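Right, one structure below, let's go through it.
Not measured: the values here are computed from a predicted model. When reading the values below, keep in mind they use all heavy atoms of this one structure, side chains included, and skip hydrogens, waters and symmetry mates. Each chain gets a letter, A, B and so on, in the order its sequence line appears, and its residues count up from 1.
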Amino acid sequence: MQCSDLGPEMLEYLAGTLPDDRLAEIRAHLAQCQACRDDVDATAELWNELGAAPTPRPESARMRARFDAALQGYIDGQAESRVVSMTTSRRPSLRWQPWMQLSGAAALLVIGVGLGRFVQPAVPQTNPDIALLREELRDTRQMVTLSLLQQQSASERLKGVNTSSQLERPGTEVVSALLDTLRHDPNVNVRLASVDALRRFNAREGVRNGVVEALPQQESPLVQIAMVDFILEAAGPDARSVLQRLAEDMMLNQAVRARAERGLKQVGL
Amino acid sequence: MTDEWLMRAVREGDLTRMGVLFERHHRPLFDFLYRMTGDRGAAEDLVQDVFVRMLRYRSTYRDDGRFETWMFRIARNVRADHFRKHGAAVYVPDDDMDWATTEPGPAHLLERARDMTRLKRALQSLREDRRELIVMVRYQGMTHEQVGAILGADANTVKVRFHRALKELRDAFSRVPEGE
């Protein structure tokens, strides 16, 4: 095996998705090639850094209101053009005069401004009905998240993990489901996303312990490195003992041990 | 109901079904367009454009393709038109800068946040097609096969191009000064 063969397969190697024979070839090559080992470490680190970037949140309610207005306008326009085409087949054609076009444009502008104001975020209200509706909406979103996490398709489960980060106050069922996904999901990207999603709960001791306990069971070094970062971020200097243990664990991938060692230096050991 | 079923209904004239597709897909589309443009307002506008184009060109939707593949092809065209009009994005979004410089906490967290800003800067400095590959694979969770279907290339070609893009990102990252 040549060094140049490793590049395109590096992510699959890190994700643990290569067939066993190919995996063995790459491991044998890495055992004797320091440059490739460094390359693997650097790629793993970069991959996890990319994943740690915050997910931008769209203003969904405003966007949906805008789209609904556009969709309704499109549907009305379609219906109108059908009526016009029916009537023009019976009557002499009505030609648009410049003054009519100007008036039409002005009317559309007024409607547009009115619509813009209409779709502004609502002023906070204390109406109990609205509070109840919000609560129901929150429960529905939570149910959707939990249901997506159970889907067969990895992209649906990935959506579930991403949806969880958009819940304002996710319940313990969602947090437990995320931990469960991290432990058992067969897809590396879904597990990686669940580490990112769990970051918002890293102040909870149960979540921190759950991640620490799940680390040795992980097969993918990419996920393990993301978990090391999580532990470092969550526990800070208190992570020393866990990082020390990981750095010395010879069963772990070399890139994971290197990340734990770097973490130890960061927390000042 | 699958996306494909809903889109077929839209194509046959039930336009209201597009609302369900919007609800399901506006977030990943926003994520893609925001990371490509670096501009929140522009990304929101472009998401609207993508859905309006899907309505307008609904007759071009074919039964044999995945809805997401078709949608991302349209999103790429919308983004390309945007870049033609306004130029490609080359800046780091403001909120990331805030995150890097004002986050309280231990020194290692601050250092990490700074690294993140450098990484964002490096990502934005990549050629558009390279950045797109990284965004699709890393942030949209697409496989090489799925990216290939969108770009019209086979999975092996995508794999090689993606490796090259990642390598360029590493080089760009090492060139961004640490104080940035």
Side-chain angles (χ1 to χ4, degrees), chain A residues 4 6-12 17 39 42-43 45-47 49-60 62-64 66-75 78 144 154-159 161-163 165-166 187-190 192-193 229 232-233 236-237 239 263 265-268, chain B residues 13 15-16 18-19 22-31 34-35 40 43-45 47-48 51-52 55-56 68 93 95-96 99 105-109 111-112 115-116 118-120 122-123 134-135 137-144 146 156 159-164 166-167 169-170 173-174:
Chain A
S4 57
L6 175 65
E9 288 183 319
M10 202 180 294
L11 271 184
E12 287 163 293
T17 54
D39 213 16
T43 302
E45 194 176 329
L46 181 68
W47 189 252
E49 291 284 341
L50 279 170
T55 306
R57 289 187 193 188
E59 294 283 347
S60 290
R62 193 178 64 202
M63 287 174 72
R64 180 65 204 254
R66 259 181 83 188
F67 177 70
D68 284 347
L71 180 61
Q72 195 53 53
Y74 193 86
I75 292 171
Q78 292 265 304
V144 169
S155 64
E156 291 294 308
R157 296 198 303 279
L158 197 57
K159 269 185 210 162
V161 176
N162 291 335
T163 310
S165 51
Q166 278 148 16
N187 183 287
V188 174
N189 281 336
V190 178
L192 270 176
D229 286 345
L232 184 62
E233 220 176 273
K265 281 183 197 145
Q266 276 177 259
V267 296
Chain B
L15 303 188
T16 54
M18 193 53 105
F22 184 91
E23 200 52 47
R24 286 186 189 173
H25 294 283
H26 78 274
R27 287 187 191 87
L29 264 184
F30 172 82
D31 186 276
Y34 176 68
R35 292 187 197 279
R40 172 177 286 278
E44 286 189 6
D45 289 346
V47 169
Q48 301 284 334
F51 280 94
V52 169
L55 276 174
R56 208 183 291 160
E68 276 192 348
D95 50 356
D96 293 330
W99 190 56
H108 72 270
L109 281 183
E111 189 192 334
R112 186 170 168 74
D115 276 353
M116 202 60 61
R118 285 177 62 217
L119 185 63
K120 285 280 210 170
L123 191 61
I134 292 173
V135 171
V137 175
R138 184 64 182 102
Y139 296 113
Q140 296 291 324
M142 290 182 188
T143 61
H144 294 136
Q146 285 169 325
N156 280 332
K159 204 189 275 190
V160 172
R161 280 192 210 159
F162 179 72
H163 169 64
R164 211 175 291 152
L166 213 52
K167 197 166 178 316
L169 178 63
R170 263 170 56 191
F173 182 58
S174 65

Could you look at Asp45(B) and say if it's the side chain, the backbone, both or neither that has a heavy atom under 4.5 Å from chain A?
both

Check the orientation of Trp47(A) and Phe162(B). Use parallel for under 30°, tilted for 30 to 60°, and perpendicular for over 60°.
perpendicular

Just by modelled atom types, is the Pro58(A) backbone N or O under 3.5 Å from a matching donor or acceptor in the Arg27(B) side chain?
no

When the 4.5 angstrom heavy-atom criterion is applied to Leu50(A) and chain B, the contacting part is both

Which heavy atom of His26(B) sits nearest to which heavy atom of Ser60(A), and what is that distance?
NE2-OG, 2.8 Å

Which value, rounded to the nearest 0.5 Å, describes the distance between Phe51(B) atom CZ and Arg66(A) atom CZ?
13.0 Å

Flag the one option from Leu55(B), Asn156(B), Val160(B), Leu123(B) with the top tally of heavy-atom pairs under 4.5 Å to chain A.
Leu55(B)

Thr163(A) versus chain B, heavy atoms under 4.5 Å apart: side chain, backbone, both or neither?
neither

Given that the side chain runs from C-beta out, which part of Asn162(A) has a heavy atom under 4.5 Å from chain B: side chain, backbone, both or neither?
neither

For chain A, which candidate among Glu68(B), Gln48(B), Arg138(B) shows the most heavy-atom pairs at distances under 4.5 Å?
Arg138(B)

Relative to chain A, which segment of Thr16(B) carries a heavy atom at a distance below 4.5 Å: side chain, backbone, both, or neither?
both

For Phe67(A), is it the side chain, the backbone, both, or neither that has a heavy atom closer than 4.5 Å to a heavy atom of chain B?
both

Which bit of Glu12(A) is near chain B, if near means a heavy-atom gap under 4.5 Å: side chain, backbone, both or neither?
side chain

For chain A, which candidate among Gly141(B), Gly19(B), Pro28(B) shows the most heavy-atom pairs at distances under 4.5 Å?
Gly19(B)

Can you name the nearest heavy-atom pair linking Arg170(B) to Leu46(A), along with the distance?
CG-CD2, 3.4 Å

Non-hydrogen atoms of chain A under 4.5 Å away: do they reach the side chain of Arg161(B), the backbone, both or neither?
neither

Find the one option among Arg35(B), His163(B), Met18(B), His144(B) whose heavy-atom pairs under 4.5 Å with chain A are most numerous.
His163(B)

Mind ranking Leu71(A), Asp68(A), Leu11(A), Leu192(A) by heavy-atom pairs under 4.5 Å with chain B and telling me who comes out on top?
Leu71(A)

Toward chain A, the part of Leu15(B) with a non-hydrogen atom under 4.5 Å:
both

Using only atom types and a distance under 3.5 Å, with no angle test, would you say the side chain of Arg40(B) pairs donor to acceptor with the backbone of Arg57(A)?
yes

